[in-house]
Student: 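I'd like to ask some things about the structure below.
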There are 2 protein chains.
Amino acid sequence: MSRTRRPTLEAVAARAGVSRATVSRVVNGLPTVTPEIRAQVMRAIEELGYIPNSAARSLVTKRTDSYALVASEPPSRVFSDDPLFSIVIRTVSVELEAADKQVVLMLASSPRSHARIERYVAGGHVDGVMLISMHAADPLPAAILRMGVPVVSYGRPAVNVEMPYADNDNVGGARRAVEHLLATGRRRIATIAGPPDMIAGQDRLTGYREALRGSGRRSIVAVGDFTRESGAVAMRQLLEDDPQLDAVFAANDLMAIGALQALRRAGRRVPDDVAVVGFDDIEAAKFTDPPLTTVRHPVVDQATAMVRLLLTPPSERTTDRVILPTELIVRDSA
Amino acid sequence: MSRTRRPTLEAVAARAGVSRATVSRVVNGLPTVTPEIRAQVMRAIEELGYIPNSAARSLVTKRTDSYALVASEPPSRVFSDDPLFSIVIRTVSVELEAADKQVVLMLASSPRSHARIERYVAGGHVDGVMLISMHAADPLPAAILRMGVPVVSYGRPAVNVEMPYADNDNVGGARRAVEHLLATGRRRIATIAGPPDMIAGQDRLTGYREALRGSGRRSIVAVGDFTRESGAVAMRQLLEDDPQLDAVFAANDLMAIGALQALRRAGRRVPDDVAVVGFDDIEAAKFTDPPLTTVRHPVVDQATAMVRLLLTPPSERTTDRVILPTELIVRDSA
DNA sequence: CTGAAAGCGCTTACAG
DNA sequence: CTGAAAGCGCTTACAG
């Protein structure tokens, strides 16, 4: 517990025989310091092992150089077991690190934690906020927006809030997935949709419907919550509703994996009896049996784009919304 | 960008007609304030929407109420695709949140980021550090220890550093897995080990060896890096080295999943021809074909124990190392 | 180019 | 129980 008492700017100044202002200038790399003095100060910093106190610094600069990544953690724990979550976190960390910024992770699980996050942001702890996986009813985005703190969203935010975001073409990706099923002669194409209050879920369902429209096929819908388990449950439901179905489009890979298992247990062969297409192209999609045909969600690019939006001042931005293309990856399941 | 100017303690004091010291006492819940004055101050706080400035506060208190979770991110990206990582993050967040603390996530990917993390911790940004997935050669643990900042580790740290940690019984778990293979009559039992510079990998290999010792079976070892891909590669290698093998213990589930795929492609049936046991019991283990027999790694409990160690002052700790039991979960693959 | 001084917004002995 | 005052460790106009 006896944390070593760290040397201050004052100590460095004394040692180098200059004023605190000068040391501050050297530390912050201001050009207006003679090379000799700079060298002197540098030596003192080195000898003392000086490291600026961050609280003192941000008290005056009003900056913290750290940004919050706020993930809503709904009861279904959607993201906690979702590998995309890890990838977003990692990408955001790496991008921000390149800009010498820090990431503070915040999970918005309960109403209580929502209040905490609001206070945290309002308290000036961070210079900006990234929102991920927000549900429609979430009051947080509006609250943060109101504080005047820069904020961006991973994925199109729920209606009624106006903020920059990076998304992928969920509608188009889903449409292509279903068109592929149509093109390969499938006649009864079901879908396992995501939670209705999450935009990605809505958009993928829209894509499914768009593809079906005018094909003469009717839509067969079950709803999951993006977990494997829910995918298995939904698949069983679907099989009961329409034992003749010969294809299913799951709104994410986790649910597709659940569906694969349910189909296996029901004695259906994939893709012979039932074709399965997922969405996301998570690592596991290559390792299912059979390997999963899916739509690639450009997670890294999307997270990177979000960070760029966050770090670019509004005045310098050419756009407020980045939509990345998705791509159908055909493997063996469809 | 026009961040609203927030009211200060000063403003609250003026409005409530009291001194700044009194407002500070109310804000911090000190008991030495008359109920009437407290009520007055509360009202002023409410009306003004006052929220304490965190930089100013920690400048004087020397506390930040936030803790760093530092994950080493080796080239193999072990953790980025590992669901355990997400679970640890989530558990740590929830636990710390319950104690009204914040989590700052830091990825120690490059030497450059190591330096940044050192500066960050030394700069007083956090009150303590949690280390996860450190490799043997990592200089960070020793550096942080030297600063006198409280630090704990998820998993037994590499030799030569002395710090509290929470781990699970990797050796015992691996031993039990292999004993199960022996008990079910397997004769040529291979293992896919983890990276030799990671303690969990070493310990699980030790367990494998212990179980084999005296059984008359020789050990057959391939090495992976905890990814699915490496599991598949190692399995192919193993099959080449010993086409007669009838069982394999993979040091984690991700590699077991890779092994399952390699076996399928090689035309081996699981468990009929080759039994497979993994380690961790990640969610996906229930959804493989066949469902994976594995050793349960109590991730949530281990992360919780780590946080407790971090938050408990050394003087109040009854122990510095918590070892959680593991459990063999028998499904269909072995 | 360099320094003296003010000030960022809090907390905390110290008096009263 | 309350207030005046000092101080935490920096940065930043302002002079010179």
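Just so we're on the same page: letters track the sequence lines, and every chain starts at 1.
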Student: Pick base, sugar-phosphate or nothing for B/Thr22, based on heavy-atom distances below 4.0 Å to the nucleic acid.
Tutor: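 It contacts sugar-phosphate atoms only.
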Student: To the nearest angstrom, how far is A/Leu59 atom CG from D/dC8 atom C1'?
Tutor: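 Atom CG in A/Leu59 sits about 9 Å away from atom C1' in D/dC8.
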Student: Suppose we define a pair by two distances each less than 3.5 Å, Watson-Crick or G-U wobble; what does C/dA15 pair with here?
Tutor: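 Looking at the geometry, C/dA15 pairs with D/dT2.
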Student: Rounded to the nearest 0.5 Å, what's the gap from CE on A/Met306 to CG on A/Leu69? Could you check?
Tutor: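 One finds 6.0 Å between CE of A/Met306 and CG of A/Leu69.
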Student: D/dT2 phosphate, OP1 or OP2: any side-chain N/O from B/Thr34 under 4.0 angstrom?
Tutor: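 Yes, within the criterion.
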Student: Taking protein heavy atoms under 4.0 Å as touching, what does nucleotides 10-15 of chain D look like 5' to 3' if B marks base contact, S marks sugar-phosphate-only contact and - marks none?
Tutor: BBBB--
Student: Rounded to the nearest 0.5 Å, what separation is found between the CG atom of A/Asn168 and the OH atom of A/Tyr154?
Tutor: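 Answer rounded to 0.5 Å: 6.5 Å.
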Student: Could you list all the side-chain hydrogen bond (donor to acceptor under 3.5 Å, both in side chains) pairs where at least one residue sits in residues 46-56 of chain A, not counting sequence neighbours?
Tutor: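 Non-adjacent pairs meeting side-chain hydrogen bond (donor to acceptor under 3.5 Å, both in side chains): A/Arg15-A/Glu47, A/Ser54-B/His125.
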Student: Pick one: which of B/Val70, B/Leu96, B/Val151, B/Val88 meets side chain to side chain contact (heavy atoms under 4.5 Å, CB included) with B/Met130?
Tutor: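 Only one of B/Val70, B/Leu96, B/Val151, B/Val88 forms a side chain to side chain contact (heavy atoms under 4.5 Å, CB included) with B/Met130, namely B/Leu96.
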Student: Inspect the contact between A/Lys101 and A/Glu95 and indicate whether a charged nitrogen and a carboxylate oxygen are less than 4.0 angstrom apart.
Tutor: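 No.
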Student: The side chain of A/Ser19 lies closest to which of these nucleotides: C/dG3, D/dC1, D/dG3?
Tutor: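 Taking heavy atoms from C-beta onward, the closest nucleotide is C/dG3.
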Student: Looking at B/Glu162 and B/Arg146, does any basic side-chain N land under 4.0 Å from a carboxylate oxygen?
Tutor: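 Here B/Glu162 does not pair with B/Arg146 in a salt bridge, since their nearest N and O are not under 4.0 Å apart.
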